[in-house]
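Please read the structure below before turning to the comments.
Position 1 is the first residue of the sequence; numbering continues from there. Computed from heavy atoms alone, side chains included, the values below leave out hydrogens, waters and symmetry copies.
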Amino acid sequence: FMRSAATRGIMSSFISPDEEDLTRRFLEHGYVISPAEDLDGLEYLRKIVRERPLIHDLNALKLDAMAALNSDPKSRLAYYLLASNLLHTLVGNELAMQKKFNLNVQVPNDDKNLLPIHADTWTGDSPFQVVLWVPLVDCYRTKAMWILPPDKAKDFRLAGSSEEMFKRIESHIKYIEIKYGEVMVFNSTLPHGNRVNREDSTR
């Protein structure tokens, strides 16, 4: 007959204490930040973006960099390996992945290329997905994205203009502080976005 080795005195759960803590923090805050699991892969992706020719039109620059990422045969695997263990803990290992990269560029004091308040599910994305957000520079204060924590998001009302909705929650949002070399997985059902970058360098 067969018996399980994972019984008395070995494990009380199928997940480790570290994994339990990671899951708790994700549920409590709506996101977790962790060191990238493959720094060579991260540098590979950043190099693709940094080596694009200088284009003075910001939107054209962004589209060119996105096209370069999406056409590179190694980029999707490199991106996945930045956080594969983190994703397996939070979501599981039977994963589907978006086919194309998205890239956001914020130069200081630019108010024309903002991502206003939104949640990915408002435009039809699955509520069962998470987003892996990978900064290519250090992000802090207004140079970072913001997110509305889960305890505040449960009372959020989808009514009014983007700016009116933002003003209602402004005192509750959390600006994400994250460094190059780290990655963030966040709950895409939570309202998030960015504001004018008032710092002195580009994100």
Side-chain angles (χ1 to χ4, degrees), residues 26 29-91 95-120 123 125 129-147 173-188 190 192-203:
F26 180 78
H29 301 294
Y31 69 91
V32 289
I33 293 173
S34 180
E37 296 169 18
D38 182 2
L39 290 176
D40 289 339
L42 178 58
E43 187 55 34
Y44 179 84
L45 293 172
R46 185 164 76 161
K47 186 178 179 182
I48 292 174
V49 175
R50 295 181 73 170
E51 290 186 346
R52 305 315 304 153
L54 182 61
I55 303 172
H56 293 291
D57 180 272
L58 182 59
N59 191 55
L61 174 66
K62 183 173 76 170
L63 292 175
D64 181 63
M66 286 169 55
L69 285 167
N70 289 318
S71 64
D72 185 276
K74 299 178 183 178
S75 60
R76 293 181 80 243
L77 179 59
Y79 181 75
Y80 167 71
L81 292 176
L82 297 179
S84 58
N85 293 321
L86 181 62
L87 290 168
H88 291 177
T89 297
L90 295 173
V91 184
L95 299 172
M97 181 179 175
Q98 182 176 305
K99 288 185 177 180
K100 293 187 179 295
F101 289 92
N102 195 10
L103 180 71
N104 186 251
V105 180
Q106 275 190 282
V107 300
N109 302 312
D110 174 29
D111 62 359
K112 303 293 192 300
N113 295 279
L114 299 179
L115 287 174
I117 181 173
H118 69 286
D120 297 1
T123 53
D125 284 4
Q129 73 179 21
V130 296
V131 176
L132 172 59
W133 195 69
V134 180
L136 300 182
V137 295
D138 293 349
C139 298
Y140 47 88
R141 297 191 295 272
T142 58
K143 190 177 171 182
M145 66 170 277
W146 60 262
I147 194 167
I173 65 171
K174 165 77 173 177
Y175 281 96
I176 303 300
E177 184 165 325
I178 182 170
K179 297 176 181 179
Y180 176 72
E182 296 178 324
V183 299
M184 177 174 74
V185 173
F186 71 90
N187 179 346
S188 64
L190 299 176
H192 58 279
N194 57 36
R195 302 295 284 178
V196 174
N197 177 6
R198 301 297 186 190
E199 314 312 319
D200 59 5
S201 57
T202 296
R203 187 189 101 192

Euclidean distance, [Y] [atom2] relative to [X] [atom1], rounded to 0.5 Å:
| X | Y | atom1 | atom2 | result |
| --- | --- | --- | --- | --- |
| Leu132 | Met97 | CG | CE | 8.0 Å |
| Lys112 | Asn59 | NZ | CG | 13.5 Å |
| Met66 | Asn104 | CE | CG | 10.0 Å |
| Asn197 | Leu114 | CG | CG | 9.5 Å |
| Leu95 | Gln129 | CG | CD | 11.5 Å |
| Leu82 | Leu77 | CG | CG | 9.5 Å |

Keeping the roles fixed (side chain from [X], backbone from [Y]), state whether a donor-acceptor pair exists under 3.5 Å.
| X | Y | answer |
| --- | --- | --- |
| Ser75 | Ser71 | no |
| Asp40 | Tyr44 | no |
| Glu37 | Ser84 | yes |
| Gln106 | Arg195 | yes |
| His192 | Ile117 | no |
| Asn194 | Leu115 | yes |
| Asn70 | Phe101 | yes |

Closest contact, heavy atoms only, [X] versus [Y]:
| X | Y | result |
| --- | --- | --- |
| Gly30 | Ile147 | O-CD1, 4.2 Å |
| Ala119 | Leu190 | CB-O, 3.8 Å |
| Tyr140 | Ser201 | OH-OG, 4.0 Å |
| Val137 | Arg203 | CG2-CA, 3.8 Å |
| Pro53 | Leu61 | O-CD1, 3.9 Å |
| Thr142 | Val196 | CB-O, 3.4 Å |

Inset, instruction - Under the side chain to side chain contact (heavy atoms under 4.5 Å, CB included) rule, what do Trp133 and Ile178 come out as? Steps first, then yes or no, please. - result: CA-CA 10 Å; Trp133 195 69; Ile178 182 170; 3.4 Å; yes
Legend entry - Sequence neighbours excluded - salt bridge (charged side-chain N to carboxylate O under 4.0 Å, His left out) pairs with any residue from residues 64-83: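 The answer is Arg52-Asp64.
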Inset, instruction - Check the surroundings of atom NZ in Lys174: do more than 12 heavy atoms from other residues, nucleotides or ligands lie under 6.0 Å from it? - result: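 No, NZ of Lys174 has 12 or fewer neighbouring heavy atoms, counting only those of other groups under 6.0 Å.
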Inset, instruction - Determine, step by step, whether Val32 and Met184 satisfy the side chain to side chain contact (heavy atoms under 4.5 Å, CB included) criterion, reporting the C-alpha distance in whole Å, the side-chain angles of both residues, the deciding distance to 0.1 Å, and the verdict. - result: CA-CA 6 Å; Val32 289; Met184 177 174 74; over 6 Å; no
Inset, instruction - May I ask you to test the Leu45-Val134 pair for a side-chain heavy-atom distance under 4.5 Å? - result: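 No, every pair of side-chain atoms sits at 4.5 Å or beyond.
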Legend entry - Leu87 vs Val185 side-chain heavy atoms within contact, under 4.5 Å: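 The answer is yes, as the side chains (C-beta and beyond) meet within the 4.5 Å cut-off.
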Legend entry - Step-by-step side chain to side chain contact (heavy atoms under 4.5 Å, CB included) determination, Val130 to Phe26: CA-CA 11 Å; Val130 296; Phe26 180 78; 3.9 Å; yes
Inset, instruction - Assess whether side chain to side chain contact (heavy atoms under 4.5 Å, CB included) is satisfied between Arg198 and Arg141, documenting all intermediate values. - result: CA-CA 8 Å; Arg198 301 297 186 190; Arg141 297 191 295 272; over 6 Å; no
